[in-house]
Amino acid sequence: MIMLIFSACRSNAELSMERGEYFYNVDRLEEATLEYNKVINHYSDDNNLNDEDMKILANAHHNLAVIWFKRGYKSEDNTIILHLFTKVN
C-alpha cells in the first residue's frame, strides 16, 4: 500500500525512465528504447523545464545514445551501424 502511494507521486516521465533503466539492465533494449522515447516526447514541447526535469531529459537522451551505440557495436552489418549513427545527427 505504501509503495502504491509513493509511486503515485512520481510523474509519468519518471516512471518511464525507471522502466527504461530496468529494461536496459535486463538487456531488453527495444523496450528500453521505447521508454526513453516516451520520456523525450513528454518534454518535447516544454521550454520551461526545472533542473530535475532537465536532468531526466538529459539522462533519457544519454541512455538512448548508449543503446544506439550498443546496437551498432554488436552488429556486424555496416548498413545497420551507419543507419544508427545517422539517426544521431
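Keep in mind it's a predicted model, so treat the numbers as computed, not measured.
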When clusters are formed by joining ILVMFWY residues with side-chain heavy atoms under 4.5 Å apart, either directly or through shared neighbours, do [X] and [Y] land in the same one?
X	Y	answer
Ile40	Met54	yes
Leu49	Tyr36	yes
Ile67	Ile56	yes

Donor-acceptor side-chain pairing of Tyr43 and Asp53 below 3.5 angstrom:
yes

Atom of [X], atom of [Y] and distance for their closest heavy-atom approach:
X	Y	answer
Arg71	Thr33	NH2-OG1, 3.9 Å
His42	Ala13	CD2-CB, 3.5 Å
Gly20	Ala32	O-CB, 3.5 Å

Rounded at 0.5 Å granularity, tell me how far CG in Leu15 sits from NZ in Lys38.
10.5 Å

For Lys70 and Val66: C-alpha separation, side-chain torsions, deciding distance, then whether side-chain contact (heavy atoms from CB on, under 4.5 Å) applies.
CA-CA 6 Å; Lys70 282 183 80 171; Val66 169; 4.3 Å; yes

Against Met17, only a single residue in Leu57, Asn63, Asn12 fulfils side chain to side chain contact (heavy atoms under 4.5 Å, CB included); can you say which?
Asn63

Do the side chain of Tyr24 and the main chain of Leu64 share a donor and acceptor less than 3.5 angstrom apart?
no

Main-chain N/O of Glu21 paired to Asn25 side chain as donor or acceptor, under 3.5 Å:
yes

